[in-house]
Chemist: 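Dropping a structure here in structure tokens format, bear with me for questions.
Throughout, residue positions are numbered sequentially from 1 according to the sequence presented.
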Amino acid sequence: MPVRSAQPQLRRQERLRQTPRSRGRVVRQLLTEGFLISVLAAGLGLVLAQVFLRVGVFAFLEMLPPTIANRARIVPLDLDIRVLSFAGAVAAGVTILFALLPALQATRLSLTDALRGHIGAVVRSSTLRYLLGICQVAVSLVLVLVAATLVRNGVAIRATDLGMATDHVVSVRPGRGDKTLLPRTHAALAANPRLGQVAVASRSPLFGEPPRIPVWQPTGIVLSAYTFVSPEYFSILNIPIVHGRGFSNEESRTEASVAIISAAGAKALWPGEEPIGQTIRLFIEPPTERVIAETVQVLRRLAADDPRAITFTVIGVAKDVVSGFVYQGTDASHVYLPTSATGSRAQTLLVRRAAGTSMDSLKAALQGVHNDLQGFDVLPVDEMVALQMFPLRAASWIGALLSAIALALSVSGLYGVLTYTFGQRTREIGIRIALGASARAISRLVLEYSLRLGGAGLLIGLVAGFVVMKVLSTFVRLDNVSVLDPAAFVLSVVVIAMALGIASVGPARRAARTSPSEMLRDDA
């Protein structure tokens, strides 16, 4: 019976081997089928790309803080012919790679295999399928690992203690054209009982990295951030003076040579000593070469020789805060110097809105000073913090989306590999069952194959994931989470293992239900 059932295949084999033209016709037929599938898939991918692009732009604007979203201008993202051409070239290359090889194999069927009824023995190429399955598992693990690390890093950064209270605090920066605008604005806002406190500063906190200057001491040099502030600055942001005192109104008005230093800066400059009453020499406007060559030798030479160094007396120690980028953590050192609304260093105002006071009330007060609100840059400090968090949130969402797609592809790919592999082993499984193998033993056979494939993929994925994380850490700050984050690695392995288990259930149950009698009838 097997020989009789093989006769049509033998005749087809003979036709394939008659002339090179017949083999070429088969190759073209299989390639045409592959290209048809790729064209349909590329068309569907193009539609999905347009949908996801529009959804992504919408989600981008929705995740932005409201004030910043109103200022954002999205450039129309039309279909780029260059991107489309590149995608088409990739699709064509993949089609040739995965359709040409099977087509060539189909024209080299063995006559001996045909007589034995194993017509698909050459076509199977189980090794290639096994390697592709391993690659799917490895790539999925890498993507899940990157997503888990980015999410954990974002959560850790969002939990960072800023050291200050930014809620209901608004930064108001008047235009630079009119030097009298800031004093007039300060006077108008301070006199408005509905607005609460108003402070003056040379810059708003958390609006980018603060300027830094070398603080010279005989024991060494500390590179410190600095900000000119009025006495209300600390109360508006709830930054406590942990030792000593704050600025007086007279010191701010005259911009006296007194300073308040952060706790970390005081510890770095005078470890184990009393900081109150100590003097520091500062370069308020460092020379150009100081920016180019930040070396201890250059700083020490400038501190010793430059006549522009000003001596300040420390009168207080403030709590450490995050004044620049949130991901950088608290300042290593921060020096606060006095100024007022009429001071030469005053550039911005900080307003803490009273309870029940809206942004409209603040804008109405600003319009009373200047009719054109475009002359003011008004932004809540909370929204600036949210803007700093936005790239982390976006990276987390993108990473999660990519890992979800990778998981779906991995599960479907592994399911297909297992289904096809054990579908080709129907004869073997039928013989095993006929000889007394139980359904549990057959299921275990499938699960062991899946375990070997998944184990190899996980091992390769862990190594590749470590390399990718090392490279990623050079582009993304991971100060709050280690590159070798144990939680992220364990979570990624567990997720992939669960996906492998889900993909193995169907093929295992199908193989266990193989009937020897049906297998013999199919061969008849």
Chemist: Could you check whether any side-chain N or O of Thr348 sits under 3.5 Å from a backbone N or O of Arg203, counting only pairs where one atom can act as donor and the other as acceptor?
Modeler: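 No.
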Chemist: Roughly how far apart are Met164 CE and Ile236 CD1, rounded to 0.5 Å?
Modeler: 12.5 Å
Chemist: Does some side-chain heavy atom of Trp270 sit less than 4.5 Å from a side-chain heavy atom of Val314?
Modeler: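 Heavy-atom side-chain distance check passes, below 4.5 Å.
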Chemist: If you define the side chain from C-beta out and look only at heavy atoms, does anything of Leu462 sit under 4.5 Å from Phe489?
Modeler: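 Side chain of Leu462 against side chain of Phe489, heavy atoms only: contact under 4.5 Å found.
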Chemist: Please name all residues satisfying side chain to side chain contact (heavy atoms under 4.5 Å, CB included) with Ala464, sequence neighbours left out, ordered by chain then number.
Modeler: Val142
Chemist: Not counting sequence neighbours, list each pair that qualifies as a ring-ring contact (aromatic ring centres under 6.0 Å, His included) and has a residue in residues 334-354.
Modeler: Phe234-Tyr336, His334-Tyr336
Chemist: Apply ring pair (Phe, Tyr, Trp, His ring centres under 6.0 Å) to Phe207 and list each qualifying residue two or more places apart in sequence or on a separate chain.
Modeler: none
Chemist: To check you understand the geometry: which heavy-atom pair defines the closest contact between Val335 and Ala259, and what is its length?
Modeler: CG1-CB, 4.0 Å
Chemist: Working to the nearest 0.5 angstrom, can you tell me the gap between Ile261 CD1 and Phe312 CZ?
Modeler: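 One finds 12.0 Å between CD1 of Ile261 and CZ of Phe312.
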Chemist: Report yes if some heavy atom in the side chain of Leu362 is under 4.5 Å from a heavy atom in the side chain of Val378; otherwise report no.
Modeler: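 Yes. Closest side-chain heavy atoms under 4.5 Å.
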Chemist: Hey, mind stepping through Ile276 and Val317 against side-chain contact (heavy atoms from CB on, under 4.5 Å) and telling me if it holds?
Modeler: CA-CA 8 Å; Ile276 304 301; Val317 177; 4.3 Å; yes
Chemist: Can a donor-acceptor pair be found, under 3.5 Å and without considering hydrogens, that links the side chain of Gln388 to the backbone of Leu206?
Modeler: yes
Chemist: Just wondering, do Val321 and Leu162 contact through their side chains at under 4.5 Å, heavy atoms?
Modeler: no
Chemist: Not counting sequence neighbours, list each pair that qualifies as a side chain to side chain donor-acceptor pair (under 3.5 Å) and has a residue in residues 239-248.
Modeler: His243-Glu274, Arg245-Glu251, Ser248-Glu251
Chemist: Walk me through whether Leu350 and Ser204 qualify under side-chain contact (heavy atoms from CB on, under 4.5 Å).
Modeler: CA-CA 7 Å; Leu350 292 176; Ser204 298; 4.0 Å; yes
Chemist: At their closest point, which heavy atom of Leu491 faces which heavy atom of Ala148, and how far apart are they?
Modeler: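 Nearest heavy atoms, Leu491 then Ala148: CD2-CB, 4.3 Å.
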Chemist: Which atoms form the tightest heavy-atom contact between Ala346 and Val200, and what is the distance?
Modeler: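 Closest heavy-atom pair between Ala346 and Val200: CB-CG1, 3.4 Å.
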Chemist: Which heavy-atom pair separates Ala318 from Ile239 by the least distance, and what is that distance?
Modeler: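 What the structure gives for the nearest pair is CB-CG2, 4.3 Å.
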Chemist: The test is side chain to side chain donor-acceptor pair (under 3.5 Å); show your working for Ser340 and Glu255 and say whether it passes.
Modeler: CA-CA 8 Å; Ser340 64; Glu255 294 187 344; 5.7 Å; no
Chemist: Can you measure from CZ (Arg452) to CD1 (Ile134) and round to the nearest 0.5 angstrom?
Modeler: 10.5 Å
Chemist: Taking side chain as C-beta onward, heavy atoms only, is Leu337 less than 4.5 Å from Val229?
Modeler: no
Chemist: What distance do Ile496 atom CD1 and Leu143 atom CG have between them, rounded to the nearest 0.5 Å?
Modeler: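 Reported value, rounded in 0.5 Å steps: 8.5 Å.
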Chemist: Test your reading of the model: is there a side-chain donor-acceptor pair from Arg345 to the backbone of Phe228, 3.5 Å cut-off?
Modeler: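 No.
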Chemist: Could you tell me if the side chain of Ile280 sits less than 4.5 Å from the side chain of Thr311, heavy atoms only?
Modeler: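 The answer is no; the side chains never approach within 4.5 Å.
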Chemist: First locate atom CG of Leu195, then atom CZ of Arg353, and finally report the distance between them rounded to the nearest 0.5 Å.
Modeler: 9.5 Å
Chemist: Does Val369 reach the side chain of Leu181, with side-chain heavy atoms less than 4.5 Å apart?
Modeler: yes
Chemist: Could you check if a side-chain atom of Ser323 sits within less than 4.5 angstrom of a side-chain atom of Thr227, using non-hydrogen atoms only?
Modeler: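 No, too far: nothing below the 4.5 Å cut-off.
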Chemist: Can you name the residues that form a side-chain hydrogen bond (donor to acceptor under 3.5 Å, both in side chains) with Ser450, not counting sequence neighbours?
Modeler: Ser504
Chemist: side-chain contact (heavy atoms from CB on, under 4.5 Å), that's the test. Do Met359 and Val170 meet it? Break it down for me.
Modeler: CA-CA 9 Å; Met359 286 289 293; Val170 183; 3.7 Å; yes
Chemist: Evaluate side-chain contact (heavy atoms from CB on, under 4.5 Å) for Glu273 paired with Gln278, printing each intermediate quantity in order.
Modeler: CA-CA 10 Å; Glu273 299 182 26; Gln278 298 280 3; 3.5 Å; yes
Chemist: To the nearest 0.5 Å, tell me how far Ser235 OG sits from Gln197 CD.
Modeler: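 Those atoms lie 3.5 Å apart.
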Chemist: Just jot down the side-chain hydrogen bond (donor to acceptor under 3.5 Å, both in side chains) partners of Ser202, sequence neighbours excluded, or say none.
Modeler: none
Chemist: Is a donor from one side chain sitting under 3.5 angstrom from an acceptor on the other, for Gln347 and Arg173?
Modeler: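 Yes, a side-chain donor-acceptor pair sits under 3.5 Å.
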Chemist: Would you say the side-chain atoms of Asp331 pair up with the backbone N or O of Ser333, donor to acceptor, closer than 3.5 Å?
Modeler: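 Pair absent, no side-chain N/O of Asp331 close to backbone of Ser333.
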